[in-house]
Amino acid sequence: MERLHYQPIKQFRVSGGSCEVIDAWSLARVTLASPAIEVMTDLRRIPAATIDQDVSLAETNHSMILRGVRLLFVTDANKRVAGIVTANDLLGEKPAQVARARMMRHEELTARDIMVPTDEMDAVSLVDVLRAEVGHVVATLKACGRQHALVVEDGPDGVRAVRGIFSASQIARQMGIPLQTAEVARTFAEIEAAIAN
């Protein structure tokens, strides 16, 4: 077997003036007519943020803050996706409602108690995403009234896997729309207002 010999990449000194850091969002500016794939968080490139289903709500919230995300995949003992939990699920009325219904203390609740289980999750196919535009994604998120949508693909072995995520707040940032809130209805109102101008 032939050994490959790699040559080092040519280097140079950064001198003679300033050097700036590129703003990631300035490169990713999109419009409603841009390909939808441009606003999808691709889980083949960015590791999925996961949490075990038996973790407390306080730990779940702390994990979201540390990772800078508003959605976590909830996994079971076999590391398979059992559901998702969003910041809205975690910080809204849902925990109090579940605690009352089950006659539990808030501190006893886990991610499993407030997650949206996989059999209740809506998703879109990667095949459809590859033919769609950003406007289609915005319409989909608005129609389901959620901040996030999952993108799934079927593997060659027939196993369905989550390939990506759409986030209303990320889409707004990539469109250059400053968001005042994370509330779903307002996010879409701000996107529509910016589009109308």
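Keep in mind the model is a prediction, meaning the values are calculated, not measured. For reference, positions follow the sequence shown, starting with 1.
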Taking the side chain as every heavy atom from C-beta outward, state whether Val85 and Ile114 have any pair of such atoms under 4.5 Å apart.
yes
Student check: side-chain heavy atoms of Met175 and Thr31 closer than 4.5 Å
no
Determine, using the 4.5 Å side-chain heavy-atom cutoff (strictly less than), whether Ile51 and Ile84 are members of one ILVMFWY cluster.
no
For the CE atom of Met115 and the CZ atom of Arg112, what is their distance to the nearest 0.5 Å?
7.0 Å
If hydrophobic clusters are built by linking Ile, Leu, Val, Met, Phe, Trp and Tyr wherever their side-chain heavy atoms come under 4.5 Å apart, do Val69 and Leu57 end up in the same one?
yes
If two hydrophobic side chains count as joined below 4.5 Å and joins carry through other members, does Leu130 share a cluster with Val39?
yes
Heavy-atom side-chain proximity of Phe166 to Val124 below 4.5 angstrom:
yes
Using the side chain to side chain donor-acceptor pair (under 3.5 Å) rule, take Asp113 and Thr110 through it: C-alpha gap first, then chi angles, then the decisive distance, then the call.
CA-CA 5 Å; Asp113 296 317; Thr110 65; 3.3 Å; yes
Output for pair (Ile46 CD1, Met40 CE), nearest 0.5 Å, gives 9.5 Å
Presence of salt bridge, Arg44 and Glu153, under 4.0 angstrom
yes
For a 4.5 angstrom cut-off between non-hydrogen side-chain atoms, does Phe73 reach Ile165?
yes
Gln53 versus Ala77, closest heavy-atom pair with distance:
NE2-N, 4.4 Å
Heavy-atom side-chain contact between Val137 and Ile171 under 4.5 Å
yes
Would you find a donor on one side and an acceptor on the other, under 3.5 Å apart, between the side chain of Asn78 and the backbone of Arg80?
no
Under a 4.5 Å cut-off applied to non-hydrogen side-chain atoms, are Leu90 and Leu72 in contact?
no
Linking I/L/V/M/F/W/Y whenever their side-chain heavy atoms sit closer than 4.5 Å, directly or via other members, would Val74 and Met104 fall into one cluster?
yes
side-chain contact (heavy atoms from CB on, under 4.5 Å) for Arg163 and Leu43? Distances and angles first, verdict last.
CA-CA 5 Å; Arg163 169 66 186 271; Leu43 298 179; 5.8 Å; no
Can a donor-acceptor pair be found, under 3.5 Å and without considering hydrogens, that links the side chain of Glu108 to the backbone of Arg105?
yes
For the residue pair Pro95 and His106, what are the closest heavy atoms and their distance?
CB-NE2, 3.5 Å
Looking at Arg131 and Asp128, does any basic side-chain N land under 4.0 Å from a carboxylate oxygen?
yes
Would you give the length of the straight line joining atom NZ of Lys79 to atom CG of Asp52, rounded to the nearest 0.5 angstrom?
5.5 Å
Non-hydrogen side-chain atoms of Val116 and Asp89 separated by less than 4.5 Å:
yes
Would you say Arg160 has more than 12 foreign heavy atoms packed within less than 6.0 Å of its CZ?
no
Hey, is the main chain of Glu59 close enough, under 3.5 Å, to the side chain of Ser63 for a donor-acceptor pair?
no
Inter-residue atom distance Leu126.CG - Asp154.CG, 0.5 Å rounding:
10.0 Å
Do Ile37 and Leu141 belong to the same hydrophobic cluster, where Ile, Leu, Val, Met, Phe, Trp and Tyr are linked whenever their side-chain heavy atoms lie under 4.5 Å apart, directly or via other members?
yes
Within 6.0 angstrom of Glu120 CD, more than 12 heavy atoms from elsewhere
yes
Determine whether Thr86 and Gln147 make a side-chain contact, defined as any pair of heavy atoms from C-beta on separated by less than 4.5 Å.
no
Atom pair CZ/CD of Arg102 and Gln97 - distance to nearest 0.5 Å
12.0 Å
State the CG-OG distance between Asn61 and Ser56, to the nearest 0.5 angstrom.
9.5 Å
Of all heavy-atom pairs between Ser34 and Glu38, which one has the smallest distance, and what is that distance?
CB-OE1, 4.1 Å
